[in-house]
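Reviewing the structure listed below.
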Amino acid sequence: MSGYHFREIEAKWQKYWAEQKTFKAKQPEESGEENNPPFYVLDMFPYPSGAGLHVGHPLGYIASDIYARYKRHKGFNVLHPQGYDSFGLPAEQYAIQTGQHPAKTTRDNIKRYREQLDRIGFSFDWDREVRTSNPEYYKWTQWIFIQLFECYYDLDEQQAKPVSELSAIFEKEGNINVIVACDEDTETFSAEDWKAFSDDQKEQILLKYRLTYLAETEVNWCPALGTVLANDEIVNGVSERGGHPVVRKKMKQWSMRISAYAERLLSGLEDLEWTESIKEAQRNWIGKSVGASVKFKVQNYEEVIEVFTTRPDTIFGVSFMTLAPEHELVKKITTEEQKEAVEAYIAETAKRSERDRLADVKTISGVFTGAYAEHPFTKAPVPIWIGDYVLASYGTGAVMAVPCGDQRDYDFAKHFNIPIPNIFKDIDISEQAFSEKEGAVIANSDFLNDLPIKKAIKRAIHEIEGQGFGASKTNYRLRDAVFSRQRYWGEPFPVYYVNGLPKMIEEKHLPLNLPEVEKYLPTESGEPPLGRAEVWAWDTNSNTVVDNEKIDHKTIFPLELNTMPGWAGSSWYMFRYMETEKRDEVFASKNALDYWQNVNLYVGGSEHATGHLLYSRFWTKFLKDRGFINVDEPFQKMINQGMILGESAFVSVQKIVFSVDLNENKDKTEIKDIPEPITFVISNNLAENFNIDKFEDFSINNESLENTIQEIRLKAQQICDKQNSTHINKRGKLKYASLPKYKTYADVNLVNTSNEMDIEGFKKFRPEFKNAEFILDNGKVYSSKEQSDGKFLVSREVEKMSKSKYNVVNPDDVCDEYGADALRLFEMFLGPIDQAKPWNTAGLSGVYGFLKKFWKLYHQGADFFVSENEPSKEAFKVLHQTIKKVNEDIEAFSFNTSVSAFMICVNELQQLKCNDRAVLEPLCILLSPFAPHICEEIWEKLGHSESVEYAPYPVFEEKYLVEDTKTYPISFNGKTRFTLDLSLDLSKDEIEKAVMEDERTQKQLDGRTPKKVIVVPGKIVNIVG
RNA sequence: GCUCGGAUGGUGGAAUUGGUAGACACGUUGGACUUAAAAUCCAAUGGCCAUAUGCGGCCGUGCGGGUUCAAGUCCCGCUCCGAGUACCA
């Protein structure tokens, strides 16, 4: 065996790894003696879609795999698992369309994913695989749900506690003194009240405190689809799919009280090694603002308007109030005169999406309600306006407008000629508001006069609280998360209903398995798909699921029909991988949890910034509170990979169509026999100039194209003439005309690296072009593969990789052609991991060539050969430079530069004709995380019987890199003119002397005397003057 | 609008604390080997100018300023592109 036969090598080692369980992570009890510290590397959970993997998906997996393998070489006990987020909407939609059970399609998809993943040679410990749709897994998702139900959140101690403790407090002192997270509308009650409540009433009240609770939530309901839609599934008020009407509707749904954890979710970000941009996204999402809530009385009404402000110090600057048009008070307080205008404005606002309202800052709009509020301090009347720059969903949906201190209020006031009182001492507000939060002193503000802003805020809150029309308040934008989905393919809630009140199924009877249904659609009456299940009732005697017909509301009760959302299963899966043996008994055993702690390195896309990454932090904190785990954060360090973009291929098309001039058609008989249009598909190099109508203007010198176009015109004219001279004649004259050129997709798999397209393949791919004429790059018309000597070229454009753009590249194809090691290297070589970059298959030959060169280093002719000789100094230097560089790059996740470093290393060793074991053996270890198959093969040939995976990482030794000379760039006025080799031992003065003596220096100076000579030893010499 | 990224040859991208801009690779061109192709190897390759050869010169990291002996890198002001996103009161 001589050449580099990657197919055999890769298959051989993939089999070996699977059989030997090379990547099995050791549990704490197994690893104790060897003292290998644990290290946990995790990829974000893949959803196994029917489309399979494209080359963009494995990018992060390759990076994390390199890191995992690197850590094994460094002596760590690495946990590097993989699994599937296998509940989800696409499988359900496919089931609705085809009637196939989603469990089956999901299994099929997973099988395909696994095959694709296996081909790339990942070092996953597959024995720990999890699938969220497996009952053995979702048993514990249900279990966590129950734990959340049984807890409330103590805001004082910032901790979740059992609800039983809360009812004990209520028993003693009611809810007046408790500082806990609860629904906004919770009323106060005393111990006596509590005791007087019925059991059902008590349950109702406790629901307002539980960390997961039932509540009326406003949703986008689409009756035709029988489901709730996300905001981005609605376009112009109708559903994106099908265009059905959508209505706002209140529905009773499960919610998660994530808002209770707002403060901890915010402060916990500080110690995480995540990118600033993701942390910032979470901070914005949580949206903490500190200020005060202030109540304004409405004149002539009993009502008050409550506002939240971060700037209570500016309260004397209030000259109007603005309510969101949707604010509930608007209808009540609007005067008769203003009614028409207000209603018109509300109707207008309703048409605008929130997106519109926020994107448009230039249009200022609003209407006066005619009503006035009363300033709490001055008692002056304050006009109440409505304006769509205030959103109902944030805060109280009302603003106390301070035009001198807020630019939006300022613009609004200017636009409507509302006074702008200035409450800042010596600050000019004639042009714009003063919105800084420091650097000013308050004026015209009674007791706040002469106070700087920060002190004024404190004083204002003090007065507001003292006079009883407000209090200091911290506001969070973070809302509780709706947890119910009207879907089939998700975790069933372990919940049944007694008198309409939810009861949890006891833990020991879990899992509650997803029932069978005959169809996956909502029921005709609008219930979720589980409403179709015939066996979906809970028997509290036998503790089993029984036939619905047996429901008697005494011992047999209906079960919950909603299922859990996609993020339920993915919010805790990182802990499940830690467990191996006792998965039936616990979600993960204490021992394992204590040992693995949390994920040391998490790799995935940044699109999960405010979804998955926030929810899993929430669940982690909750599980910590309850003592189930002992970490506060799930993912200590995170790397976000960028998207791999596709290079879509396009062809240009122009058509000739025939038509009859109807003006001359006297008898108006039906027109038949009009020839089919003729389609031309034009090679990209000619596309711009190709134009059937105006070939006379043809500017580039291409005779055959000119001829071709003339022929086309001639042919079209002949068709017309022929028809006109015969039967069409009396109905009118047949004419031809060309339509505008347009571009359309070609499948990238039909195009080679030189942008040449396979025309026959294209005809099969787009049958509508079966009879089209193809104009080749030489201007000639394509006739057949054999007879045409020209090429057909496509144009390229970088776009997102997607099926609909025909630019998807499958990793299997790359593995077939170049091998998994080449794929791995190339994905890394493409550019920085976190950047979006286009996939260009042409570059693959570069890394493939590198692998062949690497292989050759260990061979002499056809035979494997390494010498036992002492390597040269140069060879050692090359090796140690590479060790240093690659080591640093891996730690910095700069994998593209480490691939370059390997290329440089191999090129140089080849130059040096180095084939010494003492250099080549460490090099093999060094490369093995990147290209594991080829390195295993060579490692074996080097005489090792064990996998290279656990070979100790080569140690960098500085002594091999020590230099005694430096090639100094000698620059004049900052421009390098020549270089000079000088000893590194020289002092500054000696360097200067040597440089000045060089004749090239004299030539550059041309007799001038330098003003200054800058010498930086070991770096550069710059001569000024 | 705001926040965070980014902009370097024909292409993907390198470049330490400011210190030889364009590493490495693709592509292109030329050459060697071959009946030929593939593969492999060698050479050239930022632009412009100059040049028999040789020695060279000017410009150049989105744009305009600035700091510095020296700026892709630091500062100020813009433009464009990408991602996220709340009129956060």
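In this text, all values refer to a predicted model and were calculated from it rather than measured experimentally. Atoms considered below: every heavy atom in the structure, side chains included; atoms not considered: hydrogens, waters and symmetry mates. Sequence lines set the chain letters: A, B, ... in the order given, protein chains first and strands last, and positions in each chain run from 1.
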Complement of B:rC26, any strand, by Watson-Crick or G-U distances under 3.5 angstrom: B:rG10

What nucleic acid atoms does A:Arg977 come within less than 4.0 Å of, heavy atoms only: base, sugar-phosphate, or nothing? sugar-phosphate

What integer distance in Å separates A:Met903:CE from B:rC24:C1'? 7 Å

Taking only the C1' atom of each, what is the distance from B:rG56 to B:rG6 in whole angstrom? 38 Å

Provide the distance between the two P atoms, one in B:rA70 and one in B:rG60, to the nearest whole Å. 15 Å

With nearest nucleotides of RNA chain B determined for A:Pro969 and A:Thr309 from heavy-atom distances, which residue corresponds to the more 5′ nucleotide? A:Pro969

Pairwise P distance, B:rG57 and B:rG64 [rounded to whole Å]: 25 Å

Between B:rG13, B:rA89, B:rC24, which nucleotide has the shortest distance from any of its atoms to the side chain of A:Ile904? B:rC24

Paired with B:rC41 by Watson-Crick or G-U wobble geometry, both distances under 3.5 Å: which nucleotide is it? B:rG31

Taking syn as within 90° of 0 and anti otherwise, name the glycosidic form of B:rG10. anti

Looking across every strand, which nucleic acid part, if any, lies under 4.0 Å from A:Ser845 by heavy atom: base, sugar-phosphate, or nothing? sugar-phosphate

Which label fits A:His608 and A:His612: parallel for a plane angle under 30°, tilted from 30 to 60°, or perpendicular past 60°? perpendicular

Would you mind pulling out the nucleotide paired to B:rA83, Watson-Crick or G-U wobble, both distances under 3.5 Å? B:rU3

What nucleotide among B:rG19, B:rC69, B:rG84 has an atom nearest to a side-chain atom of A:Ile1020? B:rG19

Pairing nucleotide - B:rG77, Watson-Crick or G-U, each distance under 3.5 Å: B:rC63

With rounding to whole Å, what would you report as the distance between B:rC69 and B:rG84 at their P atoms? 45 Å

Under 4.0 Å, heavy atoms only, any strand: does A:Lys288 hit a base, just the sugar-phosphate, or nothing? nothing

At less than 4.0 Å, is any side-chain N or O atom of A:Thr310 found next to OP1 or OP2 of B:rA89? Yes or no. yes

Let's test this: given Watson-Crick or G-U wobble pairing with both distances under 3.5 Å, identify the partner of B:rU53. none

Between B:rU20, B:rC69, B:rA14, spot the one nearest the side chain of A:Pro832, thanks. B:rA14

Are more than 12 heavy atoms from other residues, nucleotides or ligands located less than 6.0 Å from atom CD of A:Glu891? yes

Both distances under 3.5 Å, Watson-Crick or G-U wobble: report the partner of B:rC58, or none. B:rG47

C1'-based separation of B:rC63 from B:rC55 [nearest Å]: 37 Å

Between A:Phe850 (CZ) and B:rC24 (P), how many Å, whole number? 14 Å

Minimum-distance nucleotide to A:Trp285 side chain [options: B:rU85, B:rC42, B:rG19]: B:rU85

Can you tell which of A:Val1021, A:Asn1022, A:Thr976 makes a side chain to side chain contact (heavy atoms under 4.5 Å, CB included) with A:Ile970? A:Val1021

Would A:Lys993 and A:Asp989 count as a salt bridge (Lys or Arg N to Asp or Glu O under 4.0 Å) here? Give the steps. CA-CA 6 Å; A:Lys993 187 161 170 270; A:Asp989 290 342; over 6 Å; no

Per atom distances to the A:Lys852 side chain, the nearest of B:rA15, B:rA39, B:rG12 is B:rA39

Same-atom distance (P) from B:rC80 to B:rG31, integer angstrom: 48 Å

Assign A:Val399 to base, sugar-phosphate, or nothing according to its heavy-atom contacts below 4.0 angstrom with the strands shown. base

In plain terms, say whether A:Lys288 and A:Glu263 are close enough for a salt bridge, that is, a side-chain N and a carboxylate O under 4.0 Å apart. yes

Side-chain contact, heavy-atom cut-off 4.5 Å: A:Leu912 with A:Val878? yes

Closest to the side chain of A:Thr897, out of B:rA25, B:rG19, B:rA15, is B:rA15

Winner on side-chain proximity to A:Asn1022, out of B:rU20, B:rC42, B:rA70, is B:rA70

Between B:rC69 and A:Lys1012, is there an OP1 or OP2 to side-chain N/O distance shorter than 4.0 Å? yes

Pairwise P distance, B:rG5 and B:rC75 [rounded to whole Å]: 12 Å

Phosphate OP1/OP2 of B:rA25: any A:Asn907 side-chain N/O under 4.0 Å: yes

A quick test of your reading: do over 12 heavy atoms of other residues, nucleotides or ligands sit less than 6.0 Å from CD of A:Glu328? no

Do the side-chain N or O atoms of A:Ser289 get closer than 4.0 angstrom to the phosphate oxygens (OP1, OP2) of B:rA89? yes

When rounded to the nearest 0.5 angstrom, what distance separates OG1 in A:Thr897 from CZ in A:Phe829? 10.0 Å

Any strand, both distances under 3.5 Å, Watson-Crick or G-U wobble: B:rC69 pairs with B:rG19

More 5' along RNA chain B: A:Tyr968 or A:Leu830, using each one's nearest nucleotide? A:Leu830

Hey, does A:Lys884 reach any base, or is it just sugar-phosphate, or nothing, if we go heavy atoms under 4.0 Å? nothing

Counting side-chain heavy atoms from CB outward, which of B:rU40, B:rG19, B:rA23 is closest to A:Ser900? B:rA23

C1' atoms of B:rG66 and B:rG18, separation to the nearest Å: 15 Å

Considering every strand and a 4.0 Å limit on heavy-atom distances, what is the contact class for A:Ser277: base, sugar-phosphate, or nothing? sugar-phosphate

Look at all strands and tell whether A:Asn896 reaches a base, only sugar-phosphate, or nothing, counting heavy atoms closer than 4.0 Å. sugar-phosphate

